[in-house]
Protein chains: 2
Amino acid sequence: MKNFHPTGNCPVRDVLSRLGDKWSMLVLITLNANGTMRFSDIHKTIEDVSQRMLTVTLRTLESDGLVERKVYAEVPPRVEYCLTDTGGTLIPHIEGLVGWALENMDTILDHRQMNQQH
Amino acid sequence: MKNFHPTGNCPVRDVLSRLGDKWSMLVLITLNANGTMRFSDIHKTIEDVSQRMLTVTLRTLESDGLVERKVYAEVPPRVEYCLTDTGGTLIPHIEGLVGWALENMDTILDHRQMNQQH
DNA sequence: CGGTATCCCTGCGGATACTG
DNA sequence: CAGTATCCGCAGGGATACCG
């Protein structure tokens with residue numbers, strides 16, 4: 001019987017759990033679609049994320065090496081974010097999931113409603 | 001500026017948020033790797049999921065039409081689970097993510113540690 | 001065997017206010 | 001502009017007990 005927790009605490013689960021939070025994937029595909037963006041640009045693009053959670057999400061992605069953060073010593077301050085190479089290699093897989101979701105969400109929503117009527 | 005919330009409450013986010021929970025992807029790839037499985041088999045394969053959460057996860061996947069649940073009128077009862085066709089089409093994308101995680105987790109973990117020393 | 005039913009707790013993430 | 005700091009509510013999920 002095949003399983004998927006090689007060592008007890010599985011690094012794959014660790015990595016994937018990061019992407020499974022509410023905003024990470026959205027931030028990544030937004031950065032991929034628009035290239036380098038300022039903090040405020042990302043915030044405008046993803047309207048319903050709070051400033052706090054956008055900061056937290058970006059910092060986590062940065063510390064994982066998926067996003068690069070560049071601070072310019074200007075007044076007012078300017079901070080730019082872009083994907084790293086590692087972050088870029090993740091994009092196709094996220095796009096794959098998004099594409100699948102787009103293709104199948106009608107089927108899924110229908111099926112879900114059916115069962116709700118029970 | 002490209003964004004990703006077509007209608008305000010985006011079905012893509014809805015669908016993906018389901019897969020982003022703690023156990024769904026794990027259950028799906030386990031079922032894919034082993035074919036039809038009984039409840040207890042899944043539980044043995046994914047050791048650290050509670051009975052409650054395994055039930056909840058399977059029921060959600062069933063109501064979304066990704067997993068099929070078959071109950072046999074026997075004593076003691078037997079319940080078998082397998083992927084549906086729709087569920088099957090999702091597998092390659094999950095495998096893609098898992099593959100990426102396996103390839104890149106060393107880089108990620110290193111990067112993460114560097115930043116923690118700060 | 002394959003579940004429910006309860007209770008409970010952690011921690012994700014929102015709201016708001018303040019700052020270099 | 002791009003953040004911290006603080007507080008707090010809620011839902012995801014664990015532990016335990018019981019059931020057809």
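By convention in this document, chain letters (A, B, ...) are assigned in the order of the sequence lines, proteins followed by strands, and residues within each chain are numbered from 1. Just so we're clear, the structure is a prediction, and the values are computed from it rather than from any experiment.
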**Student:** With the 4.5 Å side-chain cut-off for hydrophobic clustering, are B:Val12 and A:Leu109 part of the same group?
**Tutor:**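 No, no single cluster joins them.
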**Student:** When you measure from the side chain of B:His93 to the backbone N and O of A:Trp100, does any donor-acceptor pair fall under 3.5 Å?
**Tutor:**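 Checked: no pair found.
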**Student:** Would you please name every residue forming a side-chain contact (heavy atoms from CB on, under 4.5 Å) with A:Arg38, sequence neighbours left out?
**Tutor:**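 In terms of side-chain contact (heavy atoms from CB on, under 4.5 Å), with neighbours along the sequence ignored, A:Arg38 is linked to A:Ser40, A:Asp41, A:Arg78, A:Glu80.
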**Student:** For residues A:Met37 and A:Thr45, determine if any side-chain heavy atom of one lies less than 4.5 Å from a side-chain heavy atom of the other.
**Tutor:**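 Sidechains of A:Thr45 and A:Met37: in contact.
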**Student:** I'd like to check the salt bridge (Lys or Arg N to Asp or Glu O under 4.0 Å) partners of B:Asp14; sequence neighbours left out, ordered by chain and number.
**Tutor:**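 Residues passing salt bridge (Lys or Arg N to Asp or Glu O under 4.0 Å) with B:Asp14: A:Arg112.
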**Student:** Taking C-beta and beyond as the side chain, do A:Ile94 and A:Asn32 meet within less than 4.5 Å on heavy atoms?
**Tutor:**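 They are not in contact (no side-chain heavy atoms under 4.5 Å apart), so the answer is no.
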**Student:** Please check if the side chain of A:Asp21 supplies one atom and the backbone of A:Ser24 the other of a donor-acceptor pair under 3.5 Å.
**Tutor:**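 Checked: pair present.
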**Student:** Can you build the contact string for nucleotides 13-20 of chain C? Use B for base contact, S for sugar-phosphate-only contact, and - for no protein heavy atom under 4.0 Å.
**Tutor:** BBB----B
**Student:** How close do B:Glu62 and A:His111 get, heavy atom to heavy atom, and via which atoms?
**Tutor:**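 Scanning both residues completely, I find the closest heavy atoms to be O-CE1, 3.4 Å.
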**Student:** Does a side-chain heavy-atom distance below 4.5 Å link A:Leu58 with A:Phe39?
**Tutor:**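 Yes - at least one pair of side-chain heavy atoms lies under 4.5 Å apart.
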**Student:** Going by number, which of residues 61-71 of chain B have a non-hydrogen atom under 4.0 Å from DNA chain D?
**Tutor:**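 Under 4.0 Å from DNA chain D: no residue of residues 61-71 of chain B.
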**Student:** Using chain A heavy atoms and a threshold of under 4.0 Å, write down where along DNA chain D the contacts begin and end, 5' to 3'.
**Tutor:**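 Extent of the interface on DNA chain D: D:dC1 to D:dT6.
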**Student:** What is the distance, rounded to the nearest whole Å, between atom CG of B:Leu54 and atom P of C:dT4?
**Tutor:**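 B:Leu54 atom CG is separated from C:dT4 atom P by 11 Å.
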**Student:** Would you work out how much the helix from C:dC1-D:dG20 to C:dG20-D:dC1 bends between its ends, with each end axis defined by five base pairs, to 10 degrees?
**Tutor:**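 Computed from the C1' atoms at both ends, the axes differ by 50°.
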**Student:** Without decimals, in angstroms, what is the distance between B:Arg38 CZ and C:dG3 C1'?
**Tutor:**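 It works out to 13 Å between those atoms.
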**Student:** Taking B:Thr60's backbone N and O only, do any of them form a donor-acceptor pair with B:Ser63's side chain (distance below 3.5 Å, no angle check)?
**Tutor:**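 It does hold such a pair.
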**Student:** For A:Pro76 and for A:Thr55, locate the closest nucleotide of DNA chain D by heavy-atom distance; then report the residue assigned to the nucleotide nearer the 5' terminus.
**Tutor:**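 The residue closer to the strand's 5' end, by nearest nucleotide, is A:Pro76.
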**Student:** Identify whether the distance between the nearest side-chain nitrogen and carboxylate oxygen of B:Asp48 and B:Lys22 falls below 4.0 Å.
**Tutor:**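 Answer for the salt bridge query: no.
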**Student:** Kindly say whether A:Leu66 contributes a backbone atom to a donor-acceptor pair with the side chain of A:Thr84 at under 3.5 angstrom?
**Tutor:**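 Indeed, once roles are kept as given, a pair shorter than 3.5 Å links the two residues.
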**Student:** Under 4.0 Å, heavy atoms only, any strand: does B:Tyr81 hit a base, just the sugar-phosphate, or nothing?
**Tutor:**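 The answer is sugar-phosphate, as B:Tyr81 gets under 4.0 Å only of primed atoms, P, OP1 or OP2.
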**Student:** Per the side chain to side chain contact (heavy atoms under 4.5 Å, CB included) rule, which among A:Val49, A:Leu54, A:Leu83 passes with A:Val27?
**Tutor:**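 Only one option passes, and that is A:Leu54.
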